[in-house]
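Since the structure comes first, as structure tokens, the remarks are kept for the end.
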Amino acid sequence: MHALFAPADSPLKATEVTLMRSISRVRVSRLAPSPGCIGEQRTFDPRRPPQGRRVCRYNFLAVGECASKIDSECVPVLVAEVLKADTTDLHGQMKQVHERLGNDLSSEDPRCPGSLPEGQNNPQVCPYGLYSEQLSGSAFTCPRPANKRSWFYRILPSVKHKPFTAVPCGNLTENWNEVEPDPNQMRWLPFTIPKSTEKKVDFVAGLHTLCGAGDAKSRNGIGIHMFTCNTSMVDRCFNNSDGDFLIVPQQGEILITTEFGKIMVEPNEICVIQQGMRFSVDVFGETRGYILEVYGAHYELPDLGPIGANGLANPRDFLCPVAWYEDREVATGYTVINKYQGKLFACQQDFSPFNVVAWHGNYTPYKYNLKNFMVINAVAFDHADPSIFTVLTAKSTRPGVAIADFVIFPPRWGVADNTFRPPYYHRNCMSEFMGLIKGHYEAKAEGFQPGGGSLHSMMTPHGPDGECFEKNSSSELRPERVAEGTMAFMFESSFSMAVTKWGLETCQRLDKSYYHCWESLRSHFNPNWKPSQQ
């Protein structure tokens with residue numbers, strides 16, 4: 001099992017092995033080897049560990065426990081087993097450090113020690129009578145660096161379900177021709193969250209497509225969605241057969257239960273649920289966020305080039321869940337919702353899909369805290385291009401051109417001399433959608449609000465408003481903190497995106513006065529200017 005290793009004489013850092021806070025009861029345990037032979041029964045029995053094979057000793061430690069309590073010189077350290085979490089606790093979940101994004105990882109629920117087969121993927125009889133199932137995120141023959149797959153060891157395979165039937169898509173769409181193209185600068189006020197007293201809306205029902213381009217059938221394109229919801233998904237899960245979801249919560253925490261385990265994601269964190277992974281979302285009040293969906297590619301860390309080996313989003317800061325299962329029958333029916341070729345389909349089964357006892361592979365969901373981004377910025381003069389703030393990229397087949405980049409504008413120092421420090425005026429061969437998680441964006445302090453957004457389409461001019469230009473053209477240049485208490489981000493794409501009817505009309509959040517923010521720009525041209533006057 002891949003895990004974080006801690007020497008016996010050093011304290012275990014909370015940043016290295018993390019438990020969500022407020023866990024009701026945590027057991028620190030060591031798993032002992034079990035002699036005997038493998039049983040032949042196919043029925044899952046959590047009380048019966050596999051036999052006839054060596055079981056490594058794993059230590060389960062809570063945050064604050066000291067690694068010096070480990071009696072071996074160097075053993076794998078994992079997060080604690082959560083035996084009983086208060087149902088009102090929003091954070092009682094498990095996490096494991098993702099040692100390197102894309103690394104081959106493995107995890108087993110501590111209630112079933114030894115549930116991972118040893119030395120092979122698909123034994124004739126799996127430990128505990130489990131089924132083996134592979135989830136492929138790439139073609140079998142992809143080069144090793146791009147080959148993505150994970151193996152599940154689950155109580156029942158996902159193939160056991162009734163037929164899929166079409167269900168209403170609501171405002172989720174891939175129809176990019178609903179309305180005529182519009183090249184104007186667009187800005188949206190914060191998107192409305194439905195009140196729970198008026199209507200219960202879960203994550204799937206609260207998905208709204210704002211803009212996008214391309215085609216899921218041909219596996220090339222993107223979609224930008226908003227989610228606004230107020231209630232948790234109950235006996236329902238979602239599966240995206242079209243692409244990957246990069247989820248950016250803006251208001252409210254979301255607890256995502258996946259086949260790999262549970263992930264709590266808070267504002268200022270992101271989560272990536274890759275193609276084909278089933279998940280369910282719990283919320284704890286009125287909740288809102290953004291989603292960047294890509295077809296035909298997976299997110300990865302950008303190449304660093306001359307930056308070197310370190311910087312931007314460091315691989316060690318990405319987290320993935322540890323195995324957690326529920327052996328639960330659902331007599332009234334469990335609904336699996338499948339996004340397929342831009343449409344929604346649903347099927348019924350009589351058990352929870354979150355029945356994976358153990359897994360291994362390099363194709364997993366993961367999360368990242370944006371505060372861990374190592375910012376690189378101009379320290380002499382001029383404004384660096386925003387690509388220097390790229391967290392994740394989904395590459396196209398053209399070198400250096402992305403299907404989509406996820407870029408952030410985090411708190412940082414501004415020190416450039418003789419420089420207009422805010423973002424420059426720009427026309428771009430890429431499309432730029434911007435959102436705001438918190439605070440105020442430096443180039444437009446007013447109007448661009450958390451929970452809203454803006455779209456500057458391909459070759460559409462954009463840049464600082466009049467007030468920002470006047471202030472920063474005459475201000476004293478000294479080292480200063482920029483974007484303190486703020487987190488703006490950008491979904492940038494090489495596709496020319498179309499806005500949906502919901503985005504232009506139905507949502508009723510389009511700010512039609514957006515262009516006014518540049519109306520105050522005035523000419524400073526002086527034909528008599530001389531260099532000595534500078």
Side-chain angles (χ1 to χ4, degrees), residues 90-91 186-193 203 206-208 210-211 222-230 244-256 263-273 281 283-293 299 312-313 317-319 366-375 377 386-393 404-412 422-423 432-456 462 481-493 503 507 509 511:
L90 310 188
H91 301 273
M186 296 185 191
R187 182 170 68 187
W188 289 269
L189 302 173
F191 293 94
T192 304
I193 307 173
F203 176 83
L207 287 172
H208 310 278
L210 189 61
C211 56
I222 66 166
I224 294 176
H225 316 282
M226 297 298 302
F227 66 92
T228 54
C229 52
N230 56 38
D244 292 10
F245 270 1
L246 188 156
I247 302 172
V248 185
Q250 184 273 319
Q251 177 176 315
E253 303 155 314
I254 56 175
L255 172 59
I256 304 177
I263 311 173
M264 179 69 79
V265 191
E266 303 177 353
N268 218 50
E269 296 180 324
I270 62 169
C271 179
V272 173
I273 307 293
V281 177
V283 300
F284 309 97
E286 295 179 357
T287 305
R288 178 174 54 208
Y290 310 82
I291 296 175
L292 175 59
E293 180 184 16
Y299 293 104
L312 309 187
D317 294 321
F318 288 82
L319 306 177
Y366 54 89
K367 64 175 278 187
Y368 176 74
N369 193 320
L370 301 180
K371 73 177 183 181
N372 293 324
F373 189 80
M374 198 275 266
V375 181
N377 204 4
S387 52
I388 203 70
F389 302 127
T390 301
V391 180
L392 291 170
T393 184
D405 286 329
F406 174 62
V407 179
I408 62 173
F409 302 96
R412 59 199 183 275
E432 302 178 15
F433 174 86
M434 286 196 61
L436 186 61
I437 298 172
K438 60 180 180 179
H440 301 277
Y441 181 53
E442 57 185 300
K444 296 178 185 69
E446 302 296 330
F448 185 52
Q449 303 174 43
S454 69
L455 176 65
H456 301 138
H462 54 278
R481 292 290 290 171
V482 178
E484 197 68 49
T486 290
M487 186 60 75
F489 67 87
M490 178 168 65
F491 297 153
E492 185 175 55
S493 175
C507 72
R509 305 305 290 164
D511 182 1

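Just so it is clear, the structure is predicted and the values come from calculations on it, not from any experiment. We number each residue from 1, following the sequence as shown.
- Atom OG1 of T192 and atom CD of E286 lie 10.5 Å apart (nearest 0.5 Å).
- Between P450 and R288, the shortest heavy-atom contact is O-NH2, 3.9 Å.
- Heavy-atom minimum distance, K438 versus L436: O-CD1, 3.3 Å.
- Between I254 and F203 the shortest side-chain heavy-atom distance does not fall below 4.5 Å.
- Taking OG1 from T486 and CD1 from I408, the interatomic distance works out to 12.5 Å, rounded to the nearest 0.5 Å.
- A distance of 4.5 Å separates CZ of F373 from CG of L312, quoted to the nearest 0.5 Å.
- Each of V272, L246, T390 was compared with F406 under the side chain to side chain contact (heavy atoms under 4.5 Å, CB included) criterion, and only L246 meets it.
- Atom CD1 of I256 sits about 4.5 Å away from atom CD1 of I247, to the nearest 0.5 Å.
- Taking each heavy atom of G285 and T287 in turn, the nearest pair found is O-OG1, 2.9 Å.
- Below 30°, between 30° and 60°, or above 60°: for F433 and F489 the angle between ring planes is between 30° and 60°, a tilted geometry.
- When atom types are taken as modelled, the side chain of Y290 and the backbone of F227 share no donor-acceptor pair closer than 3.5 angstrom.
- Of the inter-residue distances, the one linking R412 atom CZ with M374 atom CE reads 14.5 Å to the nearest 0.5 angstrom.
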Q | Criterion side-chain contact (heavy atoms from CB on, under 4.5 Å) on L210 and L455, from CA distance to verdict | A | CA-CA 10 Å; L210 189 61; L455 176 65; over 6 Å; no

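- Side-chain contact between L255 and F284 is present, with heavy atoms from C-beta onward closer than 4.5 Å.
- Between N268 and I437, the shortest heavy-atom distance links the atoms N-CG2, 3.9 Å.
- The distance from the CZ atom of F318 to the CD1 atom of I270 is 6.0 Å, given to the nearest 0.5 Å.
- Taking each heavy atom of P423 and Y441 in turn, the nearest pair found is CG-OH, 3.3 Å.
- For D405 (side chain) and V407 (main-chain N/O), no donor-acceptor pair under 3.5 Å exists by modelled atom type.
- Taking the side chain as every heavy atom from C-beta outward, P410 and M487 approach each other to under 4.5 Å.
- In this structure, the side chain of E269 does not engage the main chain of K367 through any donor-acceptor pair within 3.5 Å.
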Q | Check against side-chain contact (heavy atoms from CB on, under 4.5 Å), M434 and F409 | A | CA-CA 10 Å; M434 286 196 61; F409 302 96; 3.8 Å; yes

Q: Show your reasoning for whether side-chain contact (heavy atoms from CB on, under 4.5 Å) applies to D511 and W188.
A: CA-CA 5 Å; D511 182 1; W188 289 269; over 6 Å; no

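- Considering only heavy atoms from C-beta on, P386 comes within 4.5 Å of M490 through its side chain.
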Q.
I388 vs N377, test: side-chain contact (heavy atoms from CB on, under 4.5 Å). Steps then yes/no.
A. CA-CA 8 Å; I388 203 70; N377 204 4; 5.5 Å; no

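- Closest approach of M226 and G289 over heavy atoms only: CE-O, 3.3 Å.
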